[in-house]
Amino acid sequence: QVQLVESGGGLVQPGGSLRLSCAASGFLVGDYAIGWFRQAPGKKREGVSCISGPDGDTYYADSVKDRFAISRDNAKNTVYLQMNSLKPEDTAVYYCAADSVPRSARGVVRGLYGMDYWGKGTVVTVSL
C-alpha cells in the first residue's frame, strides 16, 4: 500500500527555517518523481520543488529558489524540504506527492503532470 506522510510543519518567525519530511511506503522514492506542493488560504495549489528518478533531477519554483533545498535519503525512503529565510508568503499547507513515472522535475513543479499519490499535508505558518 502506497503511503506518503508529511511532517515538520509548524509556526516559525520570518527569517527562520523548517525542514519538512515526506516518508514514503509501498514504493522506493529513488525510482519516482517526488514533488512538494503548497496551497495557501484562498489560493491555488502551486508546485514548490521536485526531485525525480535515479539521477535526482531537481527543480525549484522561482519563489523559493535559493531559499529551499530538496533532498532524499533512499535508505530512509524519505524526501526532505529544507526551508530557509522563510517569509510570511510561504505560509501554506505543504503536500508531498509521488509520480510513478520519474518525469522531469521542472515539469512536475510546473504542474504539467498528474501525480499518482498525495500525502495529507503539513501546515507551515510564518508569522511574528
Side-chain angles (χ1 to χ4, degrees):
Q1 180 182 359
V2 172
Q3 192 173 17
L4 296 168
V5 180
E6 302 96 334
S7 62
L11 173 65
V12 63
Q13 293 185 351
S17 298
L18 283 174
R19 187 177 79 156
L20 305 183
S21 299
C22 173
S25 58
F27 70 96
L28 298 177
V29 296
D31 293 337
Y32 279 42
I34 307 297
W36 283 98
F37 300 80
R38 67 186 181 186
Q39 187 165 20
K43 294 189 175 182
K44 288 175 52 179
R45 186 175 64 202
E46 63 175 350
V48 175
S49 183
C50 176
I51 185 165
S52 180
D55 292 339
D57 176 34
T58 60
Y59 189 81
Y60 299 90
D62 288 344
S63 58
V64 306
K65 200 177 300 183
D66 299 327
R67 298 188 299 122
F68 289 12
I70 193 169
S71 63
R72 69 187 178 199
D73 185 332
N74 290 341
K76 295 183 178 180
N77 216 32
T78 299
V79 173
Y80 303 98
L81 185 68
Q82 177 67 42
M83 306 187 297
N84 300 323
S85 302
L86 282 161
K87 305 175 181 179
E89 51 264 43
D90 294 317
T91 295
V93 181
Y94 284 72
Y95 301 90
C96 68
D99 185 348
S100 60
V101 178
R103 308 178 198 270
S104 82
R106 178 178 180 274
V108 169
V109 172
R110 295 200 170 195
L112 299 183
Y113 316 118
M115 306 300 282
D116 294 321
Y117 308 103
W118 289 84
K120 294 184 178 180
T122 186
V123 178
V124 172
T125 304
V126 184
S127 180
L128 290 172

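Computed from a predicted model, the values in this text were never measured in an experiment.
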Might you point out which heavy atoms bring [X] and [Y] nearest each other, and give the distance in Å?
| X | Y | answer |
| --- | --- | --- |
| L81 | S49 | CD1-CB, 4.1 Å |
| V93 | G121 | CG1-CA, 4.0 Å |
| L4 | C22 | CD2-SG, 3.8 Å |
| Y113 | S104 | OH-OG, 3.7 Å |
| P102 | G53 | CB-CA, 3.5 Å |
| I70 | I34 | CD1-O, 4.0 Å |

Yes or no on side-chain hydrogen bond (donor to acceptor under 3.5 Å, both in side chains) for Y60 and R67, after CA distance, side-chain angles and deciding distance?
-> CA-CA 10 Å; Y60 299 90; R67 298 188 299 122; over 6 Å; no

Would you say the side-chain atoms of D73 and T78 include a donor-acceptor pair closer than 3.5 Å?
->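 Side-chain D/A pair, D73 to T78: absent.
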
Going by atom types only, do S17 and N84 share a side-chain donor-acceptor pair under 3.5 Å?
-> yes

Nearest 0.5 Å please: distance from the [atom1] atom of [X] over to the [atom2] atom of [Y].
| X | Y | atom1 | atom2 | answer |
| --- | --- | --- | --- | --- |
| D99 | M115 | CG | CE | 5.0 Å |
| Q3 | K120 | CD | NZ | 7.5 Å |
| C50 | R106 | SG | CZ | 12.5 Å |
| Q1 | S25 | CD | OG | 7.0 Å |
| S7 | R19 | OG | CZ | 9.0 Å |

[Y] backbone acceptor or donor facing [X] side chain under 3.5 Å:
| X | Y | result |
| --- | --- | --- |
| N77 | V29 | yes |
| D116 | S100 | yes |
| D55 | D57 | no |
| T91 | T125 | no |

Would you confirm whether the ring centroid of F68 sits within less than 6.0 angstrom of the ring centroid of W36?
->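 No, too far apart.
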
How about F27 and Y32: are their ring centres within less than 6.0 Å of each other?
->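 Between Y32 and F27, which both carry aromatic rings, the centre distance is below 6.0 Å.
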
Answer with yes or no whether the hydrophobic clustering places V123 together with Y80; edges join I, L, V, M, F, W, Y residues whose side-chain heavy atoms lie under 4.5 Å apart.
->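 Per the 4.5 Å side-chain linkage, V123 and Y80 are not co-clustered.
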
Less than 4.5 Å apart, any side-chain heavy atom of P14 and any of P88?
-> yes

Minimum side-chain heavy-atom gap C96-V79 below 4.5 Å = no

Tell me, with the steps shown, if V124 and L20 meet side-chain contact (heavy atoms from CB on, under 4.5 Å).
-> CA-CA 9 Å; V124 172; L20 305 183; 4.0 Å; yes

Would D90 and R38 pass as an ion pair if we require N to O under 4.0 Å?
-> yes

Partner of F37 by ring pair (Phe, Tyr, Trp, His ring centres under 6.0 Å), out of W118, Y95, Y94 =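 For F37, the ring pair (Phe, Tyr, Trp, His ring centres under 6.0 Å) check succeeds only for W118.
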
